[in-house]
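The figures here come from the full heavy-atom set of this structure, side chains too, leaving out hydrogens, waters and symmetry mates.
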Amino acid sequence: MVSPDPAEQGIGELLTVYDALIDHAVTAAVDLSIDPDEISYRCFAHGPRPT
């Protein structure tokens with residue numbers, strides 16, 4: 001069995017985390033009745049703004 005290249009494995013792990021964050025952001029947008037296309041990952045990553 002050939003072990004995966006560490007760089008490819010790391011990229012795969014980062015993409016898995018990114019995908020999970022995007023899924024969570026879209027779910028939150030739908031729950032809040034916001035168009036998911038109008039939110040950004042950067043805003044989501046920093047958390048909600050105080051009102």
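Asp19 CG to Ile22 CD1: the interatomic distance, rounded to the nearest 0.5 Å, is 8.0 Å. Atom OG1 of Thr27 and atom CG of Leu32 lie 10.5 Å apart (nearest 0.5 Å).
The two residues Pro36 and Ala29 have their closest heavy-atom pair at CA-CB, 4.0 Å.
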